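For clarity, every value in this text was computed on a predicted model and none was experimentally measured.
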Amino acid sequence: MSRVDSEISDILCSNEICTKIFDISRISGGCINNAFKFSTDAGEFFVKANNTPNSKMMFEGEAESLRAIAAAVPDFTSQPLYVGSLFSGGALLVTTFLRLSTSHSKNAQILLGRKLSALHMSESPNGLFGFPVVTMCGATEQDNTWEKDWETFYKKRRLGSILDKCLKKNPRDTELRRLGDIIIDKVVHHLLKNVEVRPVLIHGDLWSGNWSVNSVTNEPVIFDPASYYGHSEMELSIMTMFGSPSRDFFNEYHTNHPRQEPAFEQRQELYQLYHWLNHYYLFGGGYRETSISIMKKLCNLVDE
């Protein structure tokens, strides 16, 4: 047993999550975290560990997101059980363990649409846009300070924030700065002025790798959230960026949440821009070209 394995075992037992550890398996936890399945006398648990300086904040945000999702739509995600620091540095998150299937059948797609539409009926408890804690989209901190309206939240807490991060890394990128100013000053308002937006709970990072099917119940589950109360369309935007649900999903989802017109497709690009810029900030490379292309297209919607 490694030092980290031993330390996590001690934490599980000392916090009365279990009393005996039978087996520890390392499993896929994405590109950011180390992940484990702990088999114990109290059942199986999923554990994420990370040794970066902001790892505890990251896991606290994820745990709060999981709690909110589980409260809104039972059995749609795992239950967080513990967040804490590791003596060796970093932090860990313990949740219930979900056995996942790779099947994305027609029925699973329909159920995903139904459950996600139910999630998007859960409105902010204070009527504002934001979230009680910081969440992280990948390795990027998200400022979820409450705002009264979605336009302000998206400008300040999402698009403006990620543009600032990109420009701090790339201070000579004058094209990014110029296009970003136009989008913040003109395009966001142009695309939101005729739309009523309610602050509903969203997963926040629901690309194809963050949902699957519970092999025990045969129902879809979502995980690795970066939640906040925002525009439901923001959720849909990332779902078609890296793979996409089927038409069955969208038909079911839009039965309960019809597309908001005008300019639904243009807002999808506006919201995708946040995620493309986040990838540019984190990974650089070709993500700049994609971001700039979308920004030029959006800027053509208004007089510069």
Side-chain angles (χ1 to χ4, degrees), residues 1-70 77-100 131-145 161-162 165 168-169 203-207 209-212 214 221-228 275 278-279 281-285:
M1 183 183 294
S2 72
R3 183 177 68 175
V4 172
D5 293 352
S6 178
E7 186 176 351
I8 295 173
S9 298
D10 290 343
I11 289 172
L12 293 179
C13 293
S14 64
N15 285 278
E16 300 182 347
I17 295 172
C18 64
T19 59
K20 292 182 180 180
I21 309 293
F22 298 137
D23 185 61
I24 304 169
S25 303
R26 291 180 179 268
I27 56 180
S28 173
C31 59
I32 296 176
N33 304 299
N34 294 312
F36 311 84
K37 181 180 77 171
F38 276 72
S39 300
T40 78
D41 60 337
E44 295 176 328
F45 301 100
F46 179 65
V47 179
K48 286 182 180 180
N50 189 294
N51 61 4
T52 58
N54 59 1
S55 56
K56 188 174 183 185
M57 179 180 66
M58 175 178 67
F59 288 145
E60 287 172 341
E62 182 173 344
E64 191 68 24
S65 299
L66 292 170
R67 289 187 196 98
I69 294 169
T77 194
S78 56
Q79 292 279 356
L81 302 173
Y82 178 82
V83 175
S85 299
L86 291 166
F87 297 120
S88 54
L92 79 163
L93 167 67
V94 183
T95 73
T96 51
F97 186 82
L98 298 174
R99 293 184 175 273
L100 303 179
F131 206 59
V133 298
V134 171
T135 51
M136 296 183 68
C137 190
T140 303
E141 294 181 20
Q142 296 188 133
D143 176 4
N144 293 318
T145 301
S161 176
I162 196 62
K165 288 179 170 67
K168 284 179 181 177
K169 262 192 173 182
H203 174 285
D205 191 18
L206 196 53
W207 66 290
N210 282 347
W211 79 273
S212 190
N214 184 327
V221 287
I222 58 179
F223 37 85
D224 293 347
S227 292
Y228 55 96
H275 294 290
N278 188 37
H279 278 68
Y281 170 65
L282 293 173
F283 308 117

Which atom pair, heavy atoms only, marks the closest approach of [X] to [Y]?
X	Y	result
G84	K56	CA-CE, 4.4 Å
A63	P80	O-CG, 3.6 Å
S65	A226	OG-C, 4.1 Å
D224	E62	OD1-OE2, 3.7 Å
F38	S9	CE2-OG, 3.4 Å
G204	H275	O-CE1, 3.7 Å

Euclidean distance, [Y] [atom2] relative to [X] [atom1], rounded to 0.5 Å:
X	Y	atom1	atom2	answer
E44	C18	CD	SG	12.0 Å
S6	I24	OG	CD1	8.0 Å
R67	Q79	CZ	CD	9.5 Å
R3	S88	CZ	OG	5.0 Å
E141	K165	CD	NZ	7.0 Å
D10	D5	CG	CG	11.0 Å

Examine K169 relative to Y281 and say whether NZ or CZ is less than 6.0 Å from the centre of the six-membered ring and inside a 45° cone about the ring axis.
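Yes, a cation-pi geometry holds between K169 and Y281.
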Indicate yes or no for a side-chain donor-acceptor contact from [X] to the backbone of [Y] under 3.5 Å, with no hydrogens or angles considered.
X	Y	value
N214	V221	no
T77	I222	yes
S55	N50	yes
N210	D205	yes
D23	S39	no
N33	A35	no

So do the side chains of V4 and F36 get within less than 4.5 Å of each other, counting heavy atoms only?
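They are in contact (side-chain heavy atoms under 4.5 Å apart), so the answer is yes.
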Check: F97 and I27 side chains under 4.5 Å, non-hydrogen atoms:
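Yes, close enough: below the 4.5 Å cut-off.
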Pair N144-T135, side-chain donor/acceptor within less than 3.5 Å
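Indeed, the side chains of N144 and T135 share at least one donor-acceptor pair under 3.5 Å.
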Under 3.5 Å, is there a donor on one side chain and an acceptor on the other for N278 and T140?
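On atom types as modelled, these side chains qualify, holding a pair under 3.5 Å.
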Apply side-chain contact (heavy atoms from CB on, under 4.5 Å) to N15 and list each qualifying residue two or more places apart in sequence or on a separate chain.
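In terms of side-chain contact (heavy atoms from CB on, under 4.5 Å), with neighbours along the sequence ignored, N15 is linked to I11, I17, Y82.
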Take M136 and N54 through the test side-chain contact (heavy atoms from CB on, under 4.5 Å) and record every step on the way to the result.
CA-CA 10 Å; M136 296 183 68; N54 59 1; 3.3 Å; yes
Quick check on F22: does its CZ atom have over 12 non-hydrogen neighbours (other residues, nucleotides or ligands) under 6.0 Å away?
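Check passes, neighbour count above 12.
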